[in-house]
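One structure below.
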Amino acid sequence: SPIIEIAHVDKWYGDFHALKDVSLSVAEGERIVIAGPSGSGKSTLIRCINRLEAHDKGRIAVDGIELTEDLKRIDEVRREVGMVFQQFNLFPHMTVLENCTLAPIWVRKQPQEEAEATAMRFLERVRIPEQALKYPGQLSGGQQQRVAIARALCMNPKIMLFDEPTSALDPEMIKEVLDVMVGLANDGMTMICVTHEMGFAREVADRVVFMDQGEIVEEAPPAEFFTSP
Ligand code: ADP
Ligand code: ADP
């Protein structure tokens, strides 16, 4: 059974119909890229998966947990879903290491030493262990985004959601973030990624989902999007 099941979901912002009868099933280990014009609902859709937004109709289940008003369920789902945003969202007055250990210590009640050891492992994995004691403002955008990825991985998620993770980066930094994401994909992480990086889609995605005006208008393996005419 799918690890993410989205069935006939509608979402309104006031009168604005942001998601229209959206259905999407994601298998464990699948890599999905969501593409489409600005304002088509891509961000809204992935934010519904960890309930940063609430859908109004239809159903969403993550690893068998139904997303309803039930706050306990929402917590359970958020425990399984890591999220990386366009703007990094790091805490500026905390070090890289503190950013990575905050939730493991305060939400998961992990002992500090264990949380720090885990954080260092993931900072090595995103290839910036030497930045652990620096503050986000001392890092490049690409390094900050890799910290954001490491921070999400410290919570041991089953699923990673990326919302335009490279859109705020200078071109020379995009590749270092994409390389980390390709590594995650190769490790079998279930990933949904909103991105304009079609190179990444071609290389990594099992499926590209194309949205327009709140609807999924096309869904296909990347090869079908990228075949030359
Ligand atoms: P995309 O990620 O494809 O750019 P979004 O999901 O961010 O699209 O937004 C879809 C539409 O919903 C846009 O027209 C946007 O302005 C609108 N929207 C997004 N968030 C809100 C909100 N909190 N309140 C009202 N409208 C919103
Ligand atoms: P993105 O396209 O990356 O999602 P946006 O600029 O559309 O970024 O949205 C940034 C934030 O503003 C989001 O939290 C979104 O929900 C909110 N937002 C977007 N459009 C509107 C809107 N028309 N009214 C209110 N909030 C909005």
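Remember, it's 1-based here, ligands and their atoms both numbered in the order they're listed.
Counting atoms of ligand 1 from 1 in the listed order, those under 4.0 Å from a heavy atom of Thr44 are 5 (P), 6 (O), 9 (O). Near Pro37, with a cut-off below 4.0 Å to any heavy atom, the atoms of ligand 1 are 3 (O).
Taking a 6.0 Å sphere around CD of Glu66, one finds it holds more than 12 heavy atoms contributed by other residues, nucleotides or ligands. For Gln138, the CD atom sits in a packed shell: over 12 heavy atoms of surrounding residues, nucleotides or ligands are nearer than 6.0 Å.
In terms of polar-atom proximity, Gly41 is counted as a contact of ligand 1, with an N or O under 3.5 Å from an N or O of the ligand. On a distance-only criterion, Ala18 and ligand 1 share no N/O pair closer than 3.5 Å. Checked by distance only, ligand 1 and Ser40 come closer than 3.5 Å through their nitrogen or oxygen atoms. Not one N or O of Glu53 is nearer than 3.5 Å to an N or O of ligand 1, by distance alone.
For the residue pair His55 and Asp10, no side-chain donor N or O sits within less than 3.5 Å of a side-chain acceptor on the partner.
Within the 4.0 Å heavy-atom cutoff, Gly214 does not count among the residues contacting ligand 1. A heavy-atom separation below 4.0 Å is not found between Gly36 and ligand 1.
Looking at Glu114 and Arg108, no side-chain N of the basic residue comes within less than 4.0 Å of a carboxylate O on the acidic one, giving no salt bridge.
The aromatic rings of Tyr13 and Phe16 lie parallel to each other, with less than 30° between the two planes, well short of the 60° mark.
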For residues 197-204, tabulate all N or O donor-acceptor pairs below 3.5 Å that involve a side-chain atom, not counting sequence neighbours.
none

